[in-house]
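These notes are about the structure you will find just below.
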Number of protein chains: 2
Amino acid sequence: MTSRTSLAAKAPEERRRRILAAAVEVLKEKGFAGARIADIAAMAGTSPALVVYHFKTLDGALAEALGSVEDDFYTDLAQALPPKAGAVERLRVIGELGCDTGPAVGNWSLWMEVWVRALRDGQARALRRALDARWRQTLRECIDAGVAEGSFRCADAQATAVRLAALMDGLAVQVALRDPEVPEDRMTDLWLESAAAELDIPLRQLIKTKRRPPAKRP
Amino acid sequence: MTSRTSLAAKAPEERRRRILAAAVEVLKEKGFAGARIADIAAMAGTSPALVVYHFKTLDGALAEALGSVEDDFYTDLAQALPPKAGAVERLRVIGELGCDTGPAVGNWSLWMEVWVRALRDGQARALRRALDARWRQTLRECIDAGVAEGSFRCADAQATAVRLAALMDGLAVQVALRDPEVPEDRMTDLWLESAAAELDIPLRQLIKTKRRPPAKRP
DNA sequence: CCCCACGCTGAACGATGAATCAGGATTCGT
DNA sequence: ACGAATCCTGATTCATCGTTCAGCGTGGGG
């Protein structure tokens with residue numbers, strides 16, 4: 001049993017990961033409703049039967065795919081936030097990170113899919129809850145730090161964190177749906193302006209760095 | 001041809017409306033992905049074939065159902081907003097109206113469904129765009145009125161309208177997903193607090209009326 | 001060297017559900 | 001009253017997938 005994991009036996013595991021990645025991709029492209037086993041197989045360059053072989057069922061594959069995205073989220077979050085930085089700087093990073101400039105644009109569509117699925121599916125609901133709690137806590141810690149160091153003024157840190165997180169969700173919807181009123185490149189500023197108002201800090205401190213280089217993803 | 005609309009001929013039309021209402025109900029319960037012709041028929045108390053007879057196809061039925069919800073939205077909006085009222089009062093009404101206290105709680109799930117569908121379907125995207133534009137404009141007019149009468153102070157009315165609308169969407173997601181951090185009855189206050197901050201008005205003016213009578217829908 | 005567990009596949013199965021169809025009933029114009 | 005159009009229905013057709021299955025190759029352990 002242990003022999004399999006020895007040398008060239010990485011191939012099967014590798015294949016499995018490929019399928020998982022393909023599942024994530026399909027999920028982003030077609031959503032939960034439109035994702036077919038055949039799509040995943042095609043995207044991974046294998047046969048539909050193999051997908052079922054590795055993950056017992058389609059729902060299983062999608063669920064595990066979602067889990068991998070969750071892991072990525074935590075990883076990205078941990079490595080993107082400079083632990084040694086002023087609260088204002090941290091807030092700016094949080095803003096940019098959340099406003100799709102960080103990971104991929106298509107990620108927000110995926111979250112929206114998760115929301116809708118969470119309306120009926122308990123597992124999806126739990127996933128989203130965990131993700132959101134983590135995100136809110138990040139925000140919350142940043143706010144507390146800012147208040148402690150005197151950069152922010154805020155009556156109710158928790159309520160502010162909830163509102164700023166919700167605002168980000170709401171703005172993301174507009175961006176994902178390509179609302180002309182909320183072009184992708186304005187989202188960050190829009191959010192930071194609200195943050196500035198909520199936290200009673202002058203905007204100039206947040207927007208100091210202007211536009212950043214082109215895109216990150218093809 | 002005109003004769004059909006004369007007297008007792010209302011029955012067919014009535015039946016059709018019933019099916020439409022049933023479609024809306026099913027859409028709220030199961031979402032786009034889960035809505036079956038059989039469900040709609042059962043909910044309306046007729047046969048699946050009749051659904052197809054009136055609306056050529058399932059998608060057609062769902063689309064028309066969505067249209068009827070759109071109409072309801074406009075109607076509700078028009079009749080709920082007192083044209084003769086101060087901007088502050090109007091803002092409060094808007095907050096309560098948008099925060100699901102007005103129509104039905106389940107409506108927000110429906111909007112979320114529409115968002116996700118709009119990711120891929122042009123018609124849904126157009127619908128949402130129209131709805132959202134209308135809502136934002138309502139907000140915008142209220143803000144402008146408030147600024148004109150000196151109740152509000154606001155640097156960029158349009159950006160503020162966009163943000164407040166987005167915040168409402170975001171909060172609605174939390175409520176629809178029953179996030180413990182955003183209980184249904186806190187949503188309105190949460191939103192009004194942000195509005196107060198954005199528009200530079202003392203909270204007291206907005207929250208004067210405390211809790212309102214129970215629910216409106218079963 | 002053999003064999004067997006694992007990885008993998010194409011083909012077949014079965015369920016689900018949208019849409020069609022061939023009529024029955026009802027209503028309406030004349 | 002008598003067609004004819006409109007409504008309506010049960011049964012059927014047809015396509016789409018998820019899942020199962022029987023078997024093929026292969027590489028590592030006895």
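Quick note on labels: first sequence line is chain A, next is B, and so on, each numbered from 1.
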Nucleotide [N], atom [atom2] - distance to [atom1] of [X] in whole Å:
X      : N       : atom1 : atom2 : result
H54(A) : dC8(C)  : NE2   : P     : 4 Å
L50(A) : dT9(C)  : CG    : P     : 5 Å
R36(B) : dA15(C) : CZ    : C1'   : 12 Å
F32(A) : dC17(D) : CZ    : C1'   : 18 Å
D39(A) : dC17(D) : CG    : C1'   : 11 Å
R16(A) : dC6(C)  : CZ    : C1'   : 14 Å
R17(A) : dG7(C)  : CZ    : P     : 14 Å
I40(B) : dC8(D)  : CD1   : P     : 16 Å

Please state whether the phosphate of [N], meaning OP1 or OP2, lies under 4.0 angstrom from any side-chain nitrogen or oxygen of [X].
X      : N       : value
T57(A) : dT19(D) : yes
Y53(B) : dC7(D)  : yes
R15(B) : dC8(D)  : yes

Side-chain contact check for S47(A): nearest option of dG10(C), dG10(D), dC8(D) is dG10(C)
Side-chain atoms of L58(A) come closest, of dC7(D), dG18(D), dT9(D), to dG18(D)
Ion pair E113(A)/R117(A), N-O distance below 4.0 Å | no
Going by atom types only, do R128(A) and Q174(B) share a side-chain donor-acceptor pair under 3.5 Å?
->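 Q174(B) and R128(A) do have a side-chain donor-acceptor pair below 3.5 Å.
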Using a cut-off of 4.0 Å on non-hydrogen atoms, how would the nucleic acid contact of A35(A) be classed: base, sugar-phosphate, or nothing?
->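 Sugar-phosphate, backbone atoms only, no base.
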Can you name the nearest heavy-atom pair linking L139(B) to A161(B), along with the distance?
->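 Closest approach of L139(B) to A161(B): CD2-O, 3.5 Å.
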Can you give each donor-acceptor pair under 3.5 Å made by side-chain atoms of residues 64-72 of chain A, sequence neighbours left out, with the distance rounded to 0.1 Å?
unit_1: E64(A); atom_1: OE1; unit_2: R16(A); atom_2: NH2; d: 3.1
unit_1: E64(A); atom_1: OE2; unit_2: R16(A); atom_2: NH2; d: 2.2
unit_1: S68(A); atom_1: OG; unit_2: A65(A); atom_2: O; d: 2.7
unit_1: E70(A); atom_1: OE2; unit_2: Y74(A); atom_2: OH; d: 3.3

In Å, rounded to the nearest 0.5 Å, how long is the span from NZ of K28(A) to CG of L119(B)?
->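 Here the rounded value is 13.5 Å.
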